[in-house]
There are 2 protein chains.
Amino acid sequence: MPTIKDVARIAGVSVATVSRVVNNAPKVSEKAKAKVNKVMEDLGYTPNANARALVMQKSTTMGVVIPDLTDPFFASLANGVEEAARENKMQLLLSTGMIDAESERKAITLLIEQQCDVLVVHSKKLSDEEIIKFAQKKPGLVLIDRYIKEIGNRCVWLDNLEGGKTAARHLLSLKHTEFACISSKYKIDDPELRTNGFQSEIEKAGYLLDKDLVEYGDPNLQGGEIATQKLLSTGKKFTAIFVYNDAMAIGAISTLENNGFNVPNDISVLGFDDVLLSRYSRPKLSTLHYPIKDMAIQAANIALAAVSNKTEESSKNNEYKYIPIIVKRESTSTKKAT
Amino acid sequence: MPTIKDVARIAGVSVATVSRVVNNAPKVSEKAKAKVNKVMEDLGYTPNANARALVMQKSTTMGVVIPDLTDPFFASLANGVEEAARENKMQLLLSTGMIDAESERKAITLLIEQQCDVLVVHSKKLSDEEIIKFAQKKPGLVLIDRYIKEIGNRCVWLDNLEGGKTAARHLLSLKHTEFACISSKYKIDDPELRTNGFQSEIEKAGYLLDKDLVEYGDPNLQGGEIATQKLLSTGKKFTAIFVYNDAMAIGAISTLENNGFNVPNDISVLGFDDVLLSRYSRPKLSTLHYPIKDMAIQAANIALAAVSNKTEESSKNNEYKYIPIIVKRESTSTKKAT
DNA sequence: AATATTAATGTAAACGTTTACACCTTTCAA
DNA sequence: TTGAAAGGTGTAAACGTTTACATTAATATT
């Protein structure tokens, strides 16, 4: 690969002049500019971003850590960060921390090694302490989808409790009174918060959420199917289910219909997340919109502001809490008279 | 951020020694190693990958260019490359070239500037010439999802024509004789090849593909719905549809069922790609498996071999052509007697 | 005890840029 | 005509590493 020195030598100028042309800095004659451009073209010269980053002491890469690209939810997250990167003429470094604390730690470390100043990280397994340590080291690190008090102004997160309540309110407003709930068996806060929010709002309205009608499963299609089967086998009656996520909700619908129930006429099904899938299901899935892409963009922007010292004094105590909103499609409806 | 010099100074050794410890090279005393490690820990030192890449003349980043992260198909592609990267202890730089030649060009250029030696690029808009030029400049650039003769051993692609034929054979084997086809209106080769392959195999079997029963639409849910509506409004009879991709196929099923047709009993629907979606549809979608993730991994490995001069002489004329295979689920079945 | 070997460490150049500073040439005002 | 300002260009240091080579210290061999 030709370097700036090659270009300089062949064009008969100094490297400084070439550098000026490349960055179209002022104070370079038209003649020199033309000659240098010509040589660069001929040689197929491409500046070395690494060398540049080294001397400038700042990189043009933005990093994102997610568990898994094939999950549409995380793909949206990455997509948001990518968009922010592109808008700021930066490049996206993506690292996956799939399973455990160790791989999350590694993903973050690798990104730091690559000199990403701006970092959007999704981490569920690392301890608060460790994340705080990372955050202290990198002022441009923003945590997404999780809240840690000590770095509250560097967290962009969704209020899952309120999400559960919103779900309950929606179903309540459709006159439902007998509820079921499908949650995730994963050991993270989200499922529990959603379920708790759901239950508390239902009880507040004077109804009950039967313990037997709360099932746990893997947060995917099959998990939804199995959980629904269990729900059905209790023999207890319910006319509305609040499901942990869209994939499970689609599994629930499938099992319900296979067992002769019409959705939403017999049973309403409400999902969570509003991923692509929900628009592809039949009936189209009613769900809670998790604005993950917007959140990712905001996270990136907060990080960006932090590294460029644009963070205003006033935002030191800001919190970036999002509340999911209902997207009513076809899988929920008013309770039918029986 | 502390540098190697800081570590050296505080540990009372030279930078060379620190470097040796970092890379656990031989010939460094246990005492020195311990001291250096301690200081690194205290300081929270992280090596600078940029500086390292600069002096080593090789980077640890792998680049991938795709149109759009939110499309599950491309997410799988990226996922494959990411996996290959991780396996080789490299980092993934992701760049999107959304729409036009210009943005594709830019995406590739930016990745080259970032010194990615290994590059997996998906490009439909750039001319053959331009891609060849990039490929000449970067020996580690591999093209995915497209074949260019001149750089045949650097292309990993799917035989769409054969895919169309395979689709036809599947439907034919299910005794269908009256076919419809939904294609994409995008100006790329793939839709045309698939349709042509489909048609040719049908004609070879002695049947016809009515021109009126070939519709074009946007390659998404809605496009599939609209195209199906048009198909239906011709009033002509057909018992099997071959659809350009899974999203459209799901749209087709939806419209069909809304119009009183049962899938697959009245009409079989066959998709293409085998993305996540196809497992979530009801009935579960029969489709052609496009092994995009495997292809991406192979592309990355070819690129990797090329930059490390591991490319064997014998593979100079290799071609990496994939053929999609039928995944029979529930949306296709033998033609029912009427 | 002297020497040869090996282990441990350090010095300094190199990687490809940017940019402060110095220098030379023009241009222009007084 | 002189001097100042502005325009154009070059020199060299710096960024954080790795590593060839040089040097010194420790150990083994005679």
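To find a chain, count down the sequence lines: A is the first, B the second, and so on, and within it residues start at 1.
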(request) Hey, which sits more toward the 5' end of DNA chain D by its nearest nucleotide, B/A16 or B/T3? (result) B/T3
(request) Name every residue in residues 23-32 of chain A that has at least one heavy atom under 4.0 Å from any atom of DNA chain C, in order of residue number, or write none if there are no such residues. (result) A/N23
(message) Below 4.0 angstrom, which residues in residues 40-61 of chain B have at least one non-hydrogen atom near DNA chain C?
(response) B/L54, B/V55, B/Q57
(message) Restricting to ring-ring contact (aromatic ring centres under 6.0 Å, His included), what partner residues turn up for A/Y320, sequence neighbours left out?
(response) none
(request) Output all residues satisfying ring-ring contact (aromatic ring centres under 6.0 Å, His included) with B/F134, sequence neighbours left out; order by chain, then residue number. (result) none
(request) Determine which pairs satisfy salt bridge (charged side-chain N to carboxylate O under 4.0 Å, His left out) with at least one residue from residues 141-152 of chain B, sequence neighbours left out, and list them in order. (result) B/D128-B/R146
(request) Return each pair, listed once, that meets salt bridge (charged side-chain N to carboxylate O under 4.0 Å, His left out) where at least one residue sits in residues 79-99 of chain B; pairs must be two or more places apart or across chains. (result) B/E82-B/R86, B/E83-B/K293
(message) Taking the axis from the first five pairs and the axis from the last five, what angle separates them in the helix from C/dA1-D/dT30 to C/dA30-D/dT1, rounded to 10 degrees?
(response) 50°
Pairs under 3.5 angstrom only: tabulate donor-acceptor contacts from the side chains of residues 21-29 of chain A to other protein residues two or more places apart or in another chain.
from  : atom 1 : to    : atom 2 : distance (Å)
A/N23 : ND2    : A/S19 : O      : 2.8
A/N23 : ND2    : A/S19 : OG     : 3.4
A/S29 : OG     : A/A32 : N      : 3.2

(message) I'd like to know if B/D159 pairs up with B/K321 as an ion pair, taking the criterion as any Lys NZ or Arg NE/NH1/NH2 lying under 4.0 Å from an Asp or Glu carboxylate oxygen.
(response) yes
(request) For B/L54, check side-chain contact (heavy atoms from CB on, under 4.5 Å) against everything at least two apart and list the hits. (result) A/N48, A/A51, A/L54
(message) Parallel, tilted or perpendicular, judged at 30° and 60°: which one describes the rings of B/Y147 and B/W157?
(response) tilted
(message) Looking at D/dG10, I'd like to know if its phosphate oxygens (OP1 or OP2) sit under 4.0 Å from a side-chain N or O belonging to A/T17.
(response) yes
(message) Just to be sure I understand the rule, does B/V22 reach a base, reach only the sugar-phosphate, or reach nothing, if contact means heavy atoms closer than 4.0 Å?
(response) nothing
(request) Decide side-chain hydrogen bond (donor to acceptor under 3.5 Å, both in side chains) for B/S95 and A/Q91; before the verdict, give the C-alpha distance in whole Å, the side-chain angles of both, and the deciding distance to 0.1 Å. (result) CA-CA 7 Å; B/S95 214; A/Q91 289 302 111; 3.3 Å; yes
(request) Could you tell me which residues satisfy salt bridge (Lys or Arg N to Asp or Glu O under 4.0 Å) with A/R105, sequence neighbours excluded, listed by chain and number? (result) A/E102, A/E130
(message) According to salt bridge (Lys or Arg N to Asp or Glu O under 4.0 Å), who are the partners of B/D190, at least two apart in sequence or on a separate chain?
(response) B/K124
(request) Specify the closest pair of heavy atoms between A/A107 and A/T96, including all atoms of both residues, with the distance to one decimal. (result) CB-O, 4.0 Å
(request) Taking heavy atoms of chain B and a 4.0 Å limit, find me the 5'-most and 3'-most nucleotide of DNA chain C within that range. (result) C/dA8 to C/dG16
(request) Figure out the CZ/C1' separation between B/R20 and D/dA20, and round it to whole Å. (result) 10 Å
(message) Tell me if the OH atom of A/Y186 is crowded by more than 12 foreign heavy atoms within 6.0 Å.
(response) no
